[in-house]
Amino acid sequence: MTYLFNTPDQRREMLQAVGAQSIDELFDQVPADCRLSRALELPSPLTEMELEREVSVLAGRNVAGGKRVCLMGGGVYDHFIPAAVDEVVSRGEFYTAYTPYQAEASQGSLQAFFEYQSLVCRLTGMDISNASMYEGGTSVSEAAFMAMRVTGRHDKVVVLGSVNPEYREVLRSYLSNLKCELVVLPTPEGTAQLADVKKALDDKTACLVFQHPNFFGCLEEPEELARLARSVGALSIVAFDPISLGLLRRPGDYGADVAVAEGQSLGIPMQYGGPFLGIFTCREKFVRKMPGRLVGRTTDRIGRPCYVLTLQAREQHIRREKATSNICTNQGLLALRATAYLSLVGPQGLKEAAELCCRKAHYAAERLTSIPGVKLAFDRPFFKEFTLRCTGGAEAILLKARQAGFDLGPSLSRFGTAIGDSLKDAVLVAVTEKRTKREIDDLAAALGG
Amino acid sequence: MTYLFNTPDQRREMLQAVGAQSIDELFDQVPADCRLSRALELPSPLTEMELEREVSVLAGRNVAGGKRVCLMGGGVYDHFIPAAVDEVVSRGEFYTAYTPYQAEASQGSLQAFFEYQSLVCRLTGMDISNASMYEGGTSVSEAAFMAMRVTGRHDKVVVLGSVNPEYREVLRSYLSNLKCELVVLPTPEGTAQLADVKKALDDKTACLVFQHPNFFGCLEEPEELARLARSVGALSIVAFDPISLGLLRRPGDYGADVAVAEGQSLGIPMQYGGPFLGIFTCREKFVRKMPGRLVGRTTDRIGRPCYVLTLQAREQHIRREKATSNICTNQGLLALRATAYLSLVGPQGLKEAAELCCRKAHYAAERLTSIPGVKLAFDRPFFKEFTLRCTGGAEAILLKARQAGFDLGPSLSRFGTAIGDSLKDAVLVAVTEKRTKREIDDLAAALGG
Amino acid sequence: MRNLLAAKPLFELAHAGRRGCTFPASDVPERSIEALVPKSQISASLPELPELAEPDVIRHFVNLSTLNMSVDTHFYPLGSCTMKYNPKRHERLARLPGLVDLHPYQVDEAAQGMLAILFEMQEMLAEISGLPAVSLHPAAGAQGELTALLVAAAYFRDKGQHRTKVLFPASAHGTNPASAALAGFECVQLKGSAHGLVDLEELNAHLDETAAVFMITNPNTLGLFEPEIGRIARIMHDVGGLVYIDGANMNAILGITRPGDFGGDMMHFNVHKTFTGPHGAGGPGAGPIAVRDFLADYLPAPVVARRGGASDKPAYRLTVPSKSIGRMRTFFGNVGILLRGYLYLRTLGAEGLKAVSENAVLNANYLMTRLSDVLPTPHGKRCMHEFVASARAVQKERGISAMDIAKRLLDYGFHAPTVYFPLVVPEAMMMEPTETESKETLDAFADAIHKIVAEDPKFLHEAPHSTLVSRPDDVQAARKPILKWEPSAS
Amino acid sequence: MRNLLAAKPLFELAHAGRRGCTFPASDVPERSIEALVPKSQISASLPELPELAEPDVIRHFVNLSTLNMSVDTHFYPLGSCTMKYNPKRHERLARLPGLVDLHPYQVDEAAQGMLAILFEMQEMLAEISGLPAVSLHPAAGAQGELTALLVAAAYFRDKGQHRTKVLFPASAHGTNPASAALAGFECVQLKGSAHGLVDLEELNAHLDETAAVFMITNPNTLGLFEPEIGRIARIMHDVGGLVYIDGANMNAILGITRPGDFGGDMMHFNVHKTFTGPHGAGGPGAGPIAVRDFLADYLPAPVVARRGGASDKPAYRLTVPSKSIGRMRTFFGNVGILLRGYLYLRTLGAEGLKAVSENAVLNANYLMTRLSDVLPTPHGKRCMHEFVASARAVQKERGISAMDIAKRLLDYGFHAPTVYFPLVVPEAMMMEPTETESKETLDAFADAIHKIVAEDPKFLHEAPHSTLVSRPDDVQAARKPILKWEPSAS
Ligand SMILES: Cc1ncc(COP(=O)(O)O)c(C=O)c1O
Ligand SMILES: Cc1ncc(COP(=O)(O)O)c(C=O)c1O
């Protein structure tokens with residue numbers, strides 16, 4: 001009982017002060033017929049030493065870390081995380097604090113989140129950023145809901161088939177009890193067919209959602225897509241890859257109305273899927289309609305500059321059912337990770353990382369497609385990730401790679417109908433700045449290239 | 001160049017302010033004939049990512065951590081380290097601070113070291129503790145030198161053969177350019193022969209040095225040894241095992257004049273031999289003769305209680321060649337580890353740990369001596385460590401164990417003449433609270449027991 | 001030991017040409033980037049990120065951190081937030097490479113250790129809630145609510161029922177109505193009783209065949225256990241609706257009573273509260289939900305299943321419930337936080353978990369008693385894990401508001417309680433000490449409050465006095481929002 | 001954000017019966033402890049350690065930490081201490097299980113990765129020093145001195161020479177004479193020249209066939225490079241003695257000049273200074289020594305050797321030099337610190353290392369220039385990596401002492417320079433900015449000093465004003481030392 005403070009003698013004293021005979025008496029308000037009359041059936045307690053032993057054994061049963069070489073993608077990537085990022089988020093004053101409602105006791109977090117918002121605006125070229133959403137998928141949904149509020153159109157949302165299937169599934173769930181139609185435009189060539197997009201959009205459409213680079217790794221034509229949306233009064237919502245902005249044009253450059261992202265690449269470990277970081281940015285004019293917390297700068301009683309949570313009137317704890325979102329707990333500590341990461345890499349580091357990813361991915365694509373039976377699924381430019389089709393089947397190549405110490409994937413069959421049968425022999429391969437030529441060569445050799 | 005701040009433009013500005021044409025000019029004081037006219041030949045620089053990759057590979061070439069089971073001893077032990085200890089020493093304010101000379105800017109370290117001194121006094125039952133020495137071996141030497149100062153006897157130091165051979169070797173080196181005789185009393189039965197000790201001590205003897213539990217794991221008769229020393233006016237110096245004090249009598253209880261220890265067991269990882277913690281405690285009356293830093297409590301300008309480095313007149317930076325030791329940089333951060341460790345385990349935890357070590361060591365001794373050809377070297381009570389003789393040779397049993405995932409040892413042959421040929425088939429085995437019955441059984445089985 | 005220089009805005013610390021993290025040169029055959037990516041896609045300039053060296057960054061953020069209060073440094077009795085101690089072993093173990101470096105799309109057979117942990121977490125939460133089917137998927141409590149409501153919607157759709165209303169008491173947390181609205185329900189807010197409890201008549205008055213879900217936090221926001229919870233559930237079930245238990249206050253009743261036992265059909269846990277997340281200055285959390293058997297098939301995907309019987313296939317796998325509402329987020333869930341919750345539960349066991357609630361409730365009652373002379377608690381003679389005291393008396397007598405006391409507490413080295421919530425209590429001060437605080441701390445805190453209410457009111461209006469800033473101007477912040485740093489603004 | 005409650009002495013936070021770390025029950029067959037260990041050996045009572053829970057301990061030490069200044073938080077221009085930034089990658093990598101969990105007696109074939117690192121560290125230090133034989137064994141600089149002096153003693157003994165004297169300038173660091181005395185040498189302290197350098201005549205006057213070693217810090221304590229170092233070495237060699245270079249100030253000359261090139265026969269490095277240890281609030285350090293070929297056989301054991309040629313034996317092994325003086329401590333050395341030094345050198349490479357010194361020297365010269373109007377530097381128009389300014393003028397004119405300025409700097413958020421050392425400079429303020437500080441920081445520091453010297457002297461005598469305590473009473477502390485907490489003393 002390492003965490004409980006009061007000793008039996010103290011508990012007695014306290015009960016006496018309270019005027020109760022026993023601790024049980026304090027629970028008198030709980031009706032007898034609701035009380036659990038037995039002990040919970042949970043595994044027996046463990047000391048720290050035992051816990052460490054047991055969990056280390058379990059961790060050892062995962063194929064991860066150590067000598068593995070990770071080329072997996074699909075929205076989560078094995079990017080390098082500088083040690084200084086870990087150091088920043090390891091400060092107890094950050095990670096054991098609550099949401100910074102009490103401004104005087106939270107200037108550290110508040111300023112850090114203000115800096116996060118500022119950095120993300122600069123990264124994306126967008127006007128404003130909130131202080132984080134749950135992750136990339138819900139950011140897309142929140143963006144679509146905001147588009148409905150902004151446009152007043154609640155009937156139709158158009159999303160490209162080249163958008164991460166999980167993002168699309170989340171959107172479908174979020175819309176499942178509403179009357180809004182979700183139109184998914186197939187992208188058999190790996191990217192949007194502009195003519196189809198144009199056809200799908202109309203004056204009932206709240207927004208067009210696309211991803212760039214998209215789920216298959218391919219580059220879309222973002223400026224065109226944003227223009228098409230604009231032309232029918234819909235918002236363009238792009239899901240981008242933060243690392244790609246060390247090389248590619250920014251959402252603000254190509255006219256996106258809302259730019260969201262999974263921020264995992266910015267210094268966040270893969271940890272089997274979360275916690276990650278939902279980045280959410282948009283045009284200034286949407287500020288009072290946007291979801292999520294915002295930190296603003298102001299001055300204090302005697303004019304000193306300081307930071308506070310602001311525009312809270314949008315949020316659930318004030319506006320309740322009229323709130324712009326139901327989000328309360330967000331992903332503060334991950335936003336702090338991204339802040340530290342962006343501060344450390346700076347413009348030049350981000351460029352280096354992006355170019356390394358790009359170069360190595362192209363080298364890997366070249367090497368892997370030299371393997372008989374393996375080819376690129378799409379003839380489209382890509383950034384750091386690409387889709388391979390494998391005559392021998394997706395699972396076979398993944399297994400072969402895994403046995404040689406390389407993790408590829410996911411296999412697109414994992415996504416079922418959200419991707420469809422036509423790509424069930426396909427796998428994703430992502431190459432980050434961490435991979436070396438040697439590893440890529442070894443992988444190709446292991447796969448028979 | 002992640003660590004260098006000034007950019008080329010700033011360097012130019014600064015040079016201008018300084019009135020120099022170039023950085024080179026600043027080095028004009030270095031005579032030309034001393035200047036290195038070539039670049040240093042060092043390995044090429046590595047980015048953080050490369051460094052991590054390279055060092056991880058090297059770390060992987062050591063047989064350590066992960067799935068190994070460590071039963072090695074000889075002064076360094078695989079005790080459990082609570083995560084909270086790591087958290088405390090990971091605070092940048094502690095580990096990136098200097099020696100707390102500037103008291104107002106160092107109250108955190110000063111108070112922590114004051115608490116360290118207090119805890120160590122309570123642990124040992126001794127009057128005073130300094131704020132740390134390098135490690136156990138030099139603590140022994142420093143104690144012997146203090147004994148010479150205190151007794152005014154500079155001719156003879158007596159040390160038992162059952163003292164850690166490395167402690168004895170250090171003492172020999174420290175005395176190598178002095179006229180002091182170092183008498184080592186053999187302990188063929190594993191512990192001191194009191195009659196021999198008595199014979200060896202005389203009124204020229206500065207001190208008697210013994211270890212308890214001793215290097216072979218055996219328990220000495222500390223009270224008798226202290227008494228024998230006292231009877232000739234020599235100081236008794238004991239090297240103890242901090243964990244053993246959860247069970248065994250304290251140096252203060254049995255009348256030691258000086259009690260020193262290797263503090264590694266108190267929350268410090270094994271890290272191939274250092275940095276560790278030299279514990280140094282003694283009687284109050286030696287305070288002005290003792291080596292090492294001391295933190296004292298005092299009050300400030302307006303009477304507030306506070307902490308300062310004190311009795312610095314003993315130290316090299318004030319007393320120079322008359323100083324009580326040459327130590328300057330000590331082992332502050334390791335003292336902080338021990339402070340956190342002792343605070344966390346408390347009296348009850350220390351008792352639990354000590355008893356677990358003792359019980360498991362005895363179980364292990366029983367199991368291992370049931371292996372044909374393996375027997376205890378000494379018929380003496382022991383605490384957590386014991387010496388085995390192996391008919392098949394020491395190296396053979398170590399190798400066999402190692403191949404099965406168990407690390408034993410060291411083999412006593414490692415210590416050459418400091419131990420002697422009679423024990424060259426012997427190995428040490430230490431059993432900490434971390435070991436399980438299952439592991440011990442598996443080890444015994446792997447060795448043919 | 002403040003260093004205001006290093007705490008300047010990040011952007012003002014930057015200098016052109018400085019580098020933090022650098023990357024190695026490319027080792028693959030050199031080709032120009034334009035040969036790989038169409039030039040039209042390439043940005044003409046780099047993002048305008050600040051240029052800093054690693055020491056700048058560390059000194060900046062370490063200094064910022066010291067401007068925070070936190071559980072590691074201060075007593076933090078923020079009501080409704082369960083600011084308990086976050087054990088350091090969790091941080092160490094959650095960092096094990098086999099856990100932290102695991103890609104979410106790693107195939108099941110290569111993630112058996114993780115799946116075993118998550119499966120066991122599902123099982124433990126089912127046992128603690130008394131509700132057999134668990135989804136670890138939701139990212140936080142609010143998403144748990146939304147998820148459960150969409151599960152309910154799917155269930156009703158499946159049964160061919162058209163239920164449109166979600167009901168909740170006025171004291172409900174803001175996420176309850178917000179989630180209901182987001183899920184496409186109509187929100188019905190019920191007035192509470194004079195005792196701070198659910199008013200059964202009011203509830204009855206709003207019930208009909210369109211009632212889908214009644215959402216209730218129990219123990220409620222006033223720190224009271226709804227004595228009529230059994231009847232409330234029966235009434236709701238009688239009209240064919242479901243009862244949702246907002247589990248934010250589970251810290252009061254672990255091993256004492258279970259939502260499934262007092263009539264709940266669905267609930268969420270806030271792992272970052274009850275199972276010591278930690279809070280991360282706002283997040284992340286994890287908001288797993290537990291539901292009754294008949295709702296299990298609608299749970300979002302994926303859930304972890306264990307293969308029964310002997311098999312040479314791996315024991316654990318991800319599955320999709322047969323009528324699943326789909327996903328509510330990408331990937332499995334906020335695994336890093338779930339893991340910490342798992343470690344907590346494995347450390348405590350059944351007895352330890354019950355002791356958590358016992359001590360949380362004892363601490364709250366003790367503190368309430370210690371403060372009763374100056375800050376009486378209008379609702380209830382006893383409380384559960386938290387209580388809502390009122391500063392109305394000192395406000396009337398001495399002109400000292402709840403806000404004044406809260407701000408002044410910072411000077412005494414304590415974080416403030418939640419103030420002005422819930423609205424039913426005038427000058428509300430909602431205090432939740434949690435079980436990981438000692439009597440000594442509670443006494444010191446109570447002593448501080450006693451001193452504060454005797455201080456000069458004018459002095460208190462200007463509190464805090466020891467912090468870097470005092471009483472920020474929220475109105476100014478909202479009127480002309482400055483939401484990012486700009487060169488001119490500095 | 002101070003929490004003075006948590007910063008109370010540890011012992012006052014304790015409460016009987018509270019537990020922090022607990023251990024599992026024994027799993028081996030139960031036997032009474034008395035059956036294992038003689039009763040007479042067993043303590044009748046437990047040590048009187050405080051009883052605390054984990055949250056107590058964390059909150060206590062985290063709060064204490066915030067009472068420190070440190071490199072992570074503040075500019076720390078402490079002269080002679082090389083308070084440079086400690087890279088975070090070092091902390092991460094030094095924690096790798098294969099390094100941190102390695103037992104020192106692991107056999108060589110099972111420690112090849114570690115031995116490879118240590119071997120390469122030896123090689124790199126040999127190259128940097130210009131002295132071919134390296135021992136990584138000593139625990140800190142002072143132990144490096146002692147070790148080298150014992151090496152010299154063994155060498156002279158071996159050559160049948162009876163040399164008894166160690167000479168050093170008056171400005172030598174205290175460890176130099178202390179080490180010489182400990183090693184059994186007679187200490188001869190030489191007066192310095194008016195320029196703060198070695199006085200050659202004075203040196204000559206003390207040289208004879210009993211002179212063993214001349215110890216010299218170069219660059220010296222005034223931040224000046226001894227221009228006559230070549231001649232000094234020749235003089236010393238001419239009488240058959242050896243020259244020891246105290247390498248504490250190596251940060252000034254990395255890749256610029258090498259002790260082996262300017263006549264040194266032996267030297268130590270302070271890895272915790274030059275190669276960014278970190279300092280750990282007093283330690284640990286690592287004080288490897290490098291010596292000339294003819295001294296190599298006397299080095300302490302063990303050293304790492306690489307097997308030449310093809311062999312199926314492991315490449316690296318520990319060896320004992322043929323005439324080794326033996327060990328100076330247990331085990332290999334302060335490996336954790338050596339490792340950080342290794343990581344630093346591998347990060348920087350030759351060019352980076354030279355840039356360290358260039359920038360360290362530029363920063364020092366710049367700061368010296370910025371302060372020259374108010375705190376002139378009496379010795380030298382230029383300095384190396386540090387300089388010793390004097391507050392004599394402000395002291396005379398305004399009654400403001402070096403101590404006043406130092407203490408007041410704390411209020412401005414800067415750590416103080418070293419004061420009143422070396423003694424040759426009146427009102428000395430010894431400043432070493434290091435290379436990891438920016439011009440902006442140096443400017444802010446210089447600005448602060450300019451402000452301070454214009455402040456009210458009386459106000460300054462009572463500085464610092466913003467810290468928890470101000471001007472502790474050292475005399476009281478030493479007169480009746482209180483060296484541990486006792487119940488009565490609180
Ligand atoms: C009663 C109650 N319900 C719901 C929530 C929302 O949970 P979360 O913040 O995890 O989304 C909270 C959190 O503050 C709460 O206190
Ligand atoms: C010039 C000089 N020599 C020697 C030393 C002693 O080194 P260490 O503290 O590592 O023992 C120091 C350290 O302060 C020093 O500055």
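Just so we're clear, the structure is a prediction, and the values are computed from it rather than from any experiment. Protein chains get the first letters and strands the later ones, always in sequence-line order, with residue 1 at the start of each.
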Quick check on [X] against chain C: is it the side chain, the backbone, both or neither that has a heavy atom closer than 4.5 Å?
X: A:Leu178; result: side chain
X: A:Asp407; result: side chain
X: A:Cys121; result: side chain
X: A:Arg11; result: both
X: A:Glu135; result: side chain
X: A:Arg359; result: both
X: A:Ser325; result: backbone
X: A:Val57; result: neither
X: A:Glu433; result: side chain
X: A:Glu54; result: side chain
X: A:Ser118; result: both
X: A:Ser44; result: backbone
X: A:Leu15; result: both

For the interface with chain C, which of [options] has the highest count of heavy-atom pairs at distances below 4.5 Å?
options: A:Thr99, A:Leu58, A:Leu219, A:Thr298; value: A:Thr298
options: A:Met14, A:Glu13, A:Lys437, A:Gln271; value: A:Met14
options: A:Gly409, A:Pro347, A:Pro269, A:Gly346; value: A:Pro347
options: A:Leu334, A:Leu333, A:Val170; value: A:Val170
options: A:Leu123, A:Ile128, A:Leu119, A:Leu294; value: A:Leu119
options: A:Met72, A:Gln10, A:Arg35; value: A:Met72

Side-chain touch [X]/[Y], heavy atoms, less than 4.5 angstrom:
X: A:Arg91; Y: C:Phe61; value: no
X: A:Glu48; Y: C:Arg92; value: yes
X: A:Ile23; Y: C:Val361; value: no
X: A:Tyr98; Y: C:His415; value: no
X: C:Glu54; Y: A:Glu87; value: no
X: A:Glu321; Y: C:Phe185; value: no
X: C:Arg346; Y: A:Val55; value: no
X: C:Pro47; Y: A:Arg250; value: yes

Most heavy-atom pairs under 4.5 angstrom with chain A, which of [options]?
options: C:Ile325, C:Asn365, C:Leu362, C:Leu345; result: C:Leu362
options: C:Gly98, C:Ser70, C:Ala286; result: C:Ser70
options: C:Leu49, C:Val37, C:Asp101, C:Leu224; result: C:Leu49
options: C:Leu96, C:Thr66, C:Ile128, C:Val335; result: C:Val335

Distance-minimising heavy-atom pair for [X] and [Y]:
X: A:Glu115; Y: C:Phe11; answer: O-CZ, 4.2 Å
X: A:Pro43; Y: C:Glu120; answer: CG-OE2, 3.1 Å
X: C:Lys484; Y: A:Phe114; answer: C-CZ, 3.3 Å
X: A:Gln316; Y: C:Ala178; answer: CB-CB, 3.6 Å

Any side-chain donor-acceptor pair under 3.5 Å between [X] and [Y]?
X: C:Asn363; Y: A:Asn6; value: yes
X: A:Thr436; Y: C:Asp27; value: no
X: A:Thr299; Y: C:Gln476; value: yes

Which bit of [X] comes within less than 4.5 Å of chain A, counting heavy atoms only: side chain, backbone, both or neither?
X: C:Ser43; result: both
X: C:Met328; result: both
X: C:His173; result: both
X: C:Ala111; result: both
X: C:Glu91; result: side chain
X: C:Leu150; result: side chain
X: C:Leu468; result: backbone
X: C:Leu483; result: both

- Can you list the residues that meet the side chain to side chain donor-acceptor pair (under 3.5 Å) rule with C:Thr436, with sequence neighbours excluded? C:Thr434
- Query: Can you check side-chain contact (heavy atoms from CB on, under 4.5 Å) on A:Arg402 and C:Val107, steps first, answer last?
  - Reply: CA-CA 10 Å; A:Arg402 193 157 66 248; C:Val107 292; 3.3 Å; yes
- Task: Could you walk me through whether A:Tyr363 and C:Arg31 pass side-chain contact (heavy atoms from CB on, under 4.5 Å), step by step?
- Result: CA-CA 10 Å; A:Tyr363 179 71; C:Arg31 285 169 64 189; over 6 Å; no
- Query: According to the interplanar angle, ranging from 0 to 90°, do the rings of A:Tyr3 and C:Tyr85 count as parallel (below 30°), tilted (30 to 60°) or perpendicular (above 60°)?
  - Reply: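 Answer is tilted, since the angle falls between 30° and 60°.
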- Query: Could you walk me through whether A:Glu166 and C:Phe331 pass the side-chain contact (heavy atoms from CB on, under 4.5 Å) check?
  - Reply: CA-CA 8 Å; A:Glu166 296 203 354; C:Phe331 313 118; 3.9 Å; yes
- Go through A:Leu40 and C:Lys354 one step at a time and tell me if the side-chain contact (heavy atoms from CB on, under 4.5 Å) criterion holds. CA-CA 9 Å; A:Leu40 287 172; C:Lys354 190 173 177 193; over 6 Å; no
- What residues, two or more places apart in sequence or in another chain, satisfy side-chain contact (heavy atoms from CB on, under 4.5 Å) together with A:Gln107?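 side-chain contact (heavy atoms from CB on, under 4.5 Å) list for A:Gln107, sorted by chain: A:Ala103, A:Leu110, A:Cys306, A:Tyr307, C:Leu67, C:Val469.
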- Lys/Arg-Asp/Glu bridge criterion (N-O < 4.0 Å) met for C:Lys407, A:Glu104: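 The answer is yes: the pair qualifies as a salt bridge.
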- Item | Worked verdict on A:Arg301 versus C:Glu462 for salt bridge (Lys or Arg N to Asp or Glu O under 4.0 Å) | CA-CA 8 Å; A:Arg301 182 168 59 76; C:Glu462 300 195 336; 3.6 Å; yes
